[in-house]
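Keep in mind that this is a model prediction, so the values were computed, not measured.
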Amino acid sequence: GSIRISTVWPTTICLGEVADLNLEKVKLVYQAKLKCKNLKGTAFLEMWCHVGEGQYFSRGMNSVVTGTMDWKTLETPFFLQQGQRAKKATLNIVINGKGTVWVDDVHLLAEPLR
């Protein structure tokens, strides 16, 4: 089933973490289906990658839902070059506004870089 999030102010919700990745030289893709109702603002996906001692993020601000929309697949990529080893990925949804958002079919994919 899907997750329903109703909010009256902007918020960030952690949908999960994937630990012990030990990946490098890949394109990580955080993908999920979202729909919304009466969303005043936007909602998008955000991924934090823990690389070495640092944390870096990718935000899918060019792939959003807003207003009232049916299911739409959103994604945000994160590129790990040779020598950049991801230990963990944190998967969030960012809601910049108020309304209701549903999230379903969450995936974290790894595609080799060429």
Side-chain angles (χ1 to χ4, degrees):
S2 60
I3 298 169
R4 179 179 150 201
I5 304 165
S6 293
T7 185
V8 294
W9 53 73
T11 189
T12 299
I13 305 287
C14 178
L15 297 177
E17 289 187 345
V18 180
D20 300 323
L21 287 175
N22 200 26
L23 294 173
E24 67 177 287
K25 201 174 176 188
V26 297
K27 173 180 155 184
L28 286 179
V29 180
Y30 169 27
Q31 186 180 80
K33 291 182 181 175
L34 276 70
K35 75 174 183 175
C36 56
K37 183 175 181 182
N38 299 327
L39 178 59
K40 293 176 176 51
T42 61
F44 58 88
L45 303 178
E46 174 185 74
M47 175 172 39
W48 284 84
C49 282
H50 304 258
V51 179
E53 297 301 315
Q55 297 181 41
Y56 308 93
F57 65 89
S58 173
R59 291 187 176 130
M61 297 176 73
N62 60 342
S63 181
V64 302
V65 293
T66 188
T68 298
M69 297 178 70
D70 202 4
W71 292 107
K72 178 180 177 183
T73 300
L74 304 183
E75 61 181 37
T76 186
F78 192 94
F79 295 89
L80 292 159
Q81 303 300 323
Q82 183 75 36
Q84 296 176 322
R85 190 172 301 274
K87 298 176 186 175
K88 177 171 72 171
T90 303
L91 310 177
N92 297 329
I93 178 169
V94 177
I95 302 171
N96 286 329
K98 62 181 184 174
T100 303
V101 177
W102 288 263
V103 183
D104 202 357
D105 206 18
V106 176
H107 295 280
L108 181 62
L109 311 168
E111 302 171 1
L113 289 181
R114 298 175 188 192

Value for CD1 (I5) from CD1 (I95), rounded to nearest 0.5 Å, stands at 4.5 Å
So, for F79 and K27, which heavy atoms are closest and what is the spacing to 0.1 Å?
-> CE2-CD, 3.5 Å
Give, for atom CG of L15 and atom OH of Y30, the distance between the pair rounded to the nearest 0.5 Å.
-> 4.0 Å
Non-hydrogen side-chain atoms of V65 and K35 separated by less than 4.5 Å = no
Donor-acceptor contact present, side-chain K87 to main-chain G52, <3.5 Å | yes
Residue pair T66 / T42, side-chain donor-acceptor N/O under 3.5 Å = no
Heavy-atom pair with the smallest gap, counting every atom of C36 and G67 | SG-O, 3.3 Å
Answer with yes or no whether the hydrophobic clustering places L113 together with V29; edges join I, L, V, M, F, W, Y residues whose side-chain heavy atoms lie under 4.5 Å apart.
-> no
ILVMFWY clustering at 4.5 Å (side-chain atoms), partners of V94 = F44, M61, V64
First locate atom CG of L80, then atom NZ of K25, and finally report the distance between them rounded to the nearest 0.5 Å.
-> 12.5 Å
Which heavy atom of K72 sits nearest a heavy atom of M69, and at what distance?
-> CD-CE, 3.9 Å
What closest approach, in Å, do L45 and L74 show between heavy atoms, and which atom pair accounts for it?
-> CD1-O, 3.4 Å
Exercise: identify the closest heavy-atom pair between S63 and T73 = OG-O, 4.3 Å
Any side-chain heavy atom of M47 within less than 4.5 Å of one from L108?
-> yes
Side-chain (E24) to main-chain (G83) donor-acceptor, under 3.5 angstrom = yes
Spacing of CG belonging to N62 relative to OG1 belonging to T76, to within rounding of 0.5 Å = 7.5 Å
Please name the pair of heavy atoms, one in D104 and one in G1, separated by the smallest distance, quoted to 0.1 Å.
-> OD1-O, 3.8 Å
Does R85 reach the side chain of N22, with side-chain heavy atoms less than 4.5 Å apart?
-> yes
Same cluster for I3 and I13 if Ile/Leu/Val/Met/Phe/Trp/Tyr side chains link at under 4.5 Å?
-> yes
Just how far is it from atom OG1 of T90 to atom CD of Q55, taken to the nearest 0.5 Å?
-> 7.0 Å
K37 meets the side chain to side chain contact (heavy atoms under 4.5 Å, CB included) criterion, sequence neighbours left out, with T68, W102
Hydrophobic cluster identity match, L39 and V103, side-chain contacts under 4.5 Å | yes
Same apolar cluster (I L V M F W Y, side chains within < 4.5 Å links), V18/V106 | yes
d(S58 OG, L28 CG) to nearest 0.5 Å is 9.5 Å
